[in-house]
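Residue numbers start from 1 in every chain, and the chains themselves are labelled A, B, ... in the order their sequence lines are given, proteins ahead of strands.
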There are 2 protein chains.
Amino acid sequence: MADVARRAGVAAITVSRALSRPSQLSAPTLARIQRAIAETGYVRHALAGSLASNATRCIGAVVPVLSNSIFADTLQGLSQVLEEQGYRLLIASSQYDPLREQRIVEAFVGQRVDGIALTGTTHAGNTRAMLTRSRIPVVQMWNLPTQPFDCAVGFSNFAAARAMVRHLCSRGYRRIAYIGGLTYKNDRTQARERGYRAALSEAGLPVKEAHVRRTPFEFENGAAALSDLLEADSSIDAVFAASDVLAVGALLHCLRRGWRVPDKVALAGLDGSPIGALITPELTSIRFPRRQIGVRAAELLLDRIRGRPAGVVEDLGFELLTGGSA
Amino acid sequence: MADVARRAGVAAITVSRALSRPSQLSAPTLARIQRAIAETGYVRHALAGSLASNATRCIGAVVPVLSNSIFADTLQGLSQVLEEQGYRLLIASSQYDPLREQRIVEAFVGQRVDGIALTGTTHAGNTRAMLTRSRIPVVQMWNLPTQPFDCAVGFSNFAAARAMVRHLCSRGYRRIAYIGGLTYKNDRTQARERGYRAALSEAGLPVKEAHVRRTPFEFENGAAALSDLLEADSSIDAVFAASDVLAVGALLHCLRRGWRVPDKVALAGLDGSPIGALITPELTSIRFPRRQIGVRAAELLLDRIRGRPAGVVEDLGFELLTGGSA
DNA sequence: TTGAAAGCGCTAACAG
DNA sequence: CTGTTAGCGCTTTCAA
């Protein structure tokens with residue numbers, strides 16, 4: 001920066017201003033500085049700037065995985081709003097491991113990001129304390145916490161799963177099995193499983209543990225779980241998969257076996273993935289505003305950074321997609 | 001840090017050492033400092049540390065998009081190796097836009113990351129100059145550059161596409177159409193399209209421009225493009241899609257219409273996506289070591305950071321997956 | 001094994 | 001509109 005300043009015949013602080021508030025400078029000064037920057041290929045040292053100004057203009061986001069594209073839309077929404085406001089998004093994945101998440105959060109705090117977006121509401125023991133102490137604004141996404149760290153935006157995974165199982169009941173299905181994710185520290189899949197159980201109970205149907213399968217979110221696991229379920233109990237007339245990845249895997253398995261869906265077994269998912277709409281029969285599923293969750297999360301964080309109080313919890317709702325699969 | 005030092009009755013520099021090289025300290029001193037850290041909830045200011053030490057232990061990675069899971073495995077490989085070596089991965093997406101990529105690279109340079117991983121070999125005009133001047137090690141992934149910035153790891157997208165089209169020819173298909181991505185500044189899809197054209201020419205078959213479709217990588221676009229192609233020319237007997245996303249979309253379209261694959265039309269993709277193996281008929285595709293690209297990219301960067309010279313270009317190859325779709 | 005002094009490259013605050 | 005001064009919080013270097 002000193003080098004650029006010398007070339008342009010100004011003080012370093014003027015170069016700093018040319019970069020951060022160019023409108024404050026006279027046109028000729030600005031032009032001289034910009035030429036000097038171009039000539040030298042100078043790139044501002046963002047770390048030193050952040051240290052001096054005590055603001056990084058970075059937001060950190062943690063998602064469980066990158067391989068499941070359902071989080072990509074949320075990140076895209078986050079990214080776009082933040083970018084428009086001059087913020088950068090740092091993305092990291094926790095692999096569904098709260099301790100990894102905590103280490104990521106610690107790194108974000110160490111980097112002094114201006115805000116943090118987390119997925120879900122279950123976190124390791126020290127994460128909350130660390131975040132509270134850091135006074136960094138936090139938004140929790142994708143599920144509605146009863147005790148938010150700060151603010152939150154998402155939808156009720158419980159209500160969504162319950163609505164889907166109620167829908168299956170209303171269609172006359174009575175022996176409804178369940179394929180979900182591993183519940184270990186995953187509040188979204190936990191809530192969905194609770195929704196399944198609640199809907200069955202409300203309909204006066206028994207919840208059989210043999211009708212419940214838990215497996216990581218991969219297409220092939222959905223196929224295997226369905227195969228398992230039907231082998232164990234061929235009277236099952238419908239399967240609710242708590243994620244479209246599992247539901248699509250199950251549906252493809254049926255097609256491969258030549259089983260007619262929903263005649264052999266009805267299938268329903270939850271996520272509203274694009275591929276569900278292309279399969280024949282179309283997958284009955286639940287759509288929620290994946291991208292909008294990111295957009296609102298960004299806006300809530302920016303509000304907090306600009307001084308609004310904490311405590312907002314936004315429910316963006318969901319919508320049933322009726323396909324031919326159920 | 002001064003606060004922690006005071007509590008532990010040591011100088012700040014000793015706290016710094018407790019964090020970076022604990023083995024250098026006596027056990028009691030270290031214990032006192034660690035207690036003080038726990039009591040205060042101190043989190044080291046990484047920015048200030050990086051400014052002083054002139055090393056961030058961060059690596060930046062740019063992928064085109066997060067929504068296509070094919071890049072997730074590469075990022076996973078990168079992340080794992082880097083994490084083991086005490087480095088953090090910063091992820092950003094360019095949306096297939098070289099100018100966005102350049103802004104991201106500039107931000108990475110500004111953050112003084114210790115290394116940068118880029119996807120592909122086509123970049124905006126100033127990107128190369130900026131990277132060269134910054135002297136930051138760079139690895140290009142997923143395609144093999146003729147003039148690498150620094151080092152590279154991937155496979156020949158040209159050879160892979162050519163191998164697939166040759167395979168289709170060897171199966172007796174003669175009117176082979178093509179569905180690929182938008183070639184605008186995407187070297188992978190460009191190379192794949194060139195591979196398609198080369199294989200046809202080598203087989204003595206004409207390349208008809210009406211048999212070439214380009215569209216963004218979304219399932220539904222694969223479906224629409226196939227529909228278009230067959231409507232325009234029902235004599236097409238095979239379609240090579242340069243990406244499994246497009247191929248799966250096309251295949252699902254056929255199934256929806258009740259068209260038998262490969263009787264009505266043979267289909268082949270490229271990427272080796274897991275879902276291709278679950279669809280009936282299984283998708284003929286090409287697999288390459290997506291995760292290993294990330295692993296090697298990380299290793300090459302670490303080598304460079306530790307002083308090895310530039311210039312390595314690694315070809316990790318690919319493998320044909322023969323499915324029932326062709 | 002521990003500490004004192006200096007400074008990384010930038011920006012806030014104040015001044016002119 | 002532009003400049004001077006004084007740090008931001010840490011680590012390097014040198015010393016004890």
Nucleic acid contacts - residues 29-41 of chain B versus DNA chain C, non-hydrogen atoms under 4.0 Å: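 Of all residues in residues 29-41 of chain B, the ones placing a heavy atom under 4.0 Å from DNA chain C are T29(B).
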Taking atom [atom2] of [N] as reference, at what distance in whole Å does atom [atom1] of [X] sit?
X      : N       : atom1 : atom2 : result
D3(A)  : dC10(C) : CG    : P     : 10 Å
L47(A) : dT11(C) : CG    : C1'   : 14 Å
L19(A) : dA12(C) : CG    : C1'   : 16 Å
Q24(B) : dT2(C)  : CD    : C1'   : 10 Å
H45(A) : dC10(C) : NE2   : C1'   : 9 Å

Sidechain N-carboxylate O distance under 4.0 Å for [X], [Y]:
X       : Y       : value
D150(B) : R304(B) : yes
D3(A)   : R6(A)   : yes
R100(B) : E83(A)  : yes
R291(B) : D73(B)  : no
R296(B) : E299(B) : yes

Phosphate contact (dT1(C) OP1 or OP2) by T14(B) side-chain N/O below 4.0 Å: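 The answer is no; no side-chain N or O of T14(B) sits under 4.0 Å from OP1 or OP2.
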Presence of Y42(A) side-chain N/O under 4.0 Å of dC10(C) phosphate oxygens OP1/OP2: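 Indeed, a polar side-chain atom of Y42(A) lies that close.
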How is [X] classified with respect to the nucleic acid when contacts are heavy atoms under 4.0 Å: base, sugar-phosphate, or nothing?
X      : answer
I13(A) : base
R44(B) : sugar-phosphate
R21(A) : sugar-phosphate

Within 6.0 Å of CG in D315(B), more than 12 heavy atoms from elsewhere: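 For D315(B), atom CG is crowded (more than 12 foreign heavy atoms under 6.0 Å).
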Over 12 non-hydrogen atoms of neighbours within 6.0 angstrom of CZ in R133(B):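 More than 12 within 6.0 Å, yes.
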Quiz item: R17(B) side-chain donor-acceptor pair to dG3(C) base, under 3.5 Å: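 Such a pair exists between side chain and base.
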Parallel, tilted or perpendicular, as decided by the 30° and 60° cut-offs, for the rings of F288(B) and F155(B):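 Aromatic pair F155(B)/F288(B) classed parallel.
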Start and end of the DNA chain D segment that chain A contacts, any atom under 4.0 Å from a heavy atom: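 Terminal contacting nucleotides, 5' to 3': dC1(D) to dG9(D).
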R128(A) to F149(A) six-membered ring, cation-pi geometry met (6.0 Å, 45°):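 No, R128(A) does not lie over the aromatic ring of F149(A).
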Which residue lies more 5' along DNA chain C, comparing A52(B) with L25(B) via nearest heavy atoms: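 Counting from the 5' end, the first nearest nucleotide belongs to L25(B).
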